[in-house]
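One structure below.
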Amino acid sequence: MDLSRLMQQAQQMQRELGKIEDELNSTIYEGNNGGKNGVTIRINGTYAVEEVIVGEDLLDKENKEMLQDMIMIAMNDAVTKAAEDRESKMGSVTQGVRIPGM
């Protein structure tokens with residue numbers, strides 16, 4: 001196997017991964033609990049919360065526990081979407097690459 005060709009491939013892969021990572025980090029993922037007047041959470045690709053939107057109907061003391069559950073569901077939904085997108089896009093670059101000795 002040609003070592004210089006292998007190094008070129010590794011550098012190309014590294015550049016592609018860097019571009020994809022930049023794209024992923026700036027992508028906004030939206031998660032919600034499925035309700036029209038529920039909770040929506042927007043996070044970026046580094047899983048930092050960018051925005052939390054709470055439906056007007058939930059801003060009542062009697063709805064506190066339900067609101068907390070809806071926030072949790074929406075947050076988990078957004079994180080799942082971000083993680084799946086990251087895995088899919090990063091995997092598409094490294095798929096089929098074999099590094100000798102690994």
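Each residue takes its place number in the sequence, starting with 1.
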- Note on the structure: To the nearest 0.5 Å, atom CD1 of I71 lies from atom CG of N32 at 13.0 Å

- Return yes when atom CD of E51 has more than 12 non-hydrogen atoms of other residues, nucleotides or ligands closer than 6.0 Å, and no otherwise. yes

- Side chains of M66 and M70: closer than 4.5 Å at any heavy-atom pair? yes

- Message: Quick one, R15 and Q12 - any side-chain contact, counting heavy atoms below 4.5 Å?
- Response: yes

- Message: To check you understand the geometry: which heavy-atom pair defines the closest contact between I43 and M75, and what is its length?
- Response: CG2-CE, 3.9 Å

- Task: Any chance you could lay out the salt bridge (charged side-chain N to carboxylate O under 4.0 Å, His left out) test for K81 and D85, step after step, and finish with the verdict?
- Result: CA-CA 6 Å; K81 289 174 182 175; D85 194 33; over 6 Å; no

- Task: Would you check if Q68 and M72 make a side-chain contact, meaning some heavy-atom pair closer than 4.5 Å?
- Result: no

- Answer yes or no: is there a side-chain heavy-atom contact under 4.5 Å between L24 and M90? yes

- Item | Test item: N44 side-chain N/O and A48 main-chain N/O as donor-acceptor pair under 3.5 Å | yes

- Message: Any side-chain to backbone donor/acceptor pair from T80 onto N76? Under 3.5 Å, distance only.
- Response: yes

- Give, for atom CD of E50 and atom CD of E30, the distance between the pair rounded to the nearest 0.5 Å. 12.5 Å

- Atom CD1 in I73, atom CD1 in I41: separation rounded to 0.5 Å? 10.5 Å

- Message: Could you see if Y47 belongs to whatever hydrophobic cluster contains I20? Use Ile, Leu, Val, Met, Phe, Trp, Tyr and a side-chain cutoff under 4.5 Å.
- Response: yes

- Message: D60 and side chain to side chain contact (heavy atoms under 4.5 Å, CB included): which single residue from E62, K64, E56 fits?
- Response: E62

- Electrostatic pair E21:R86 at N-O distance under 4.0 angstrom: yes

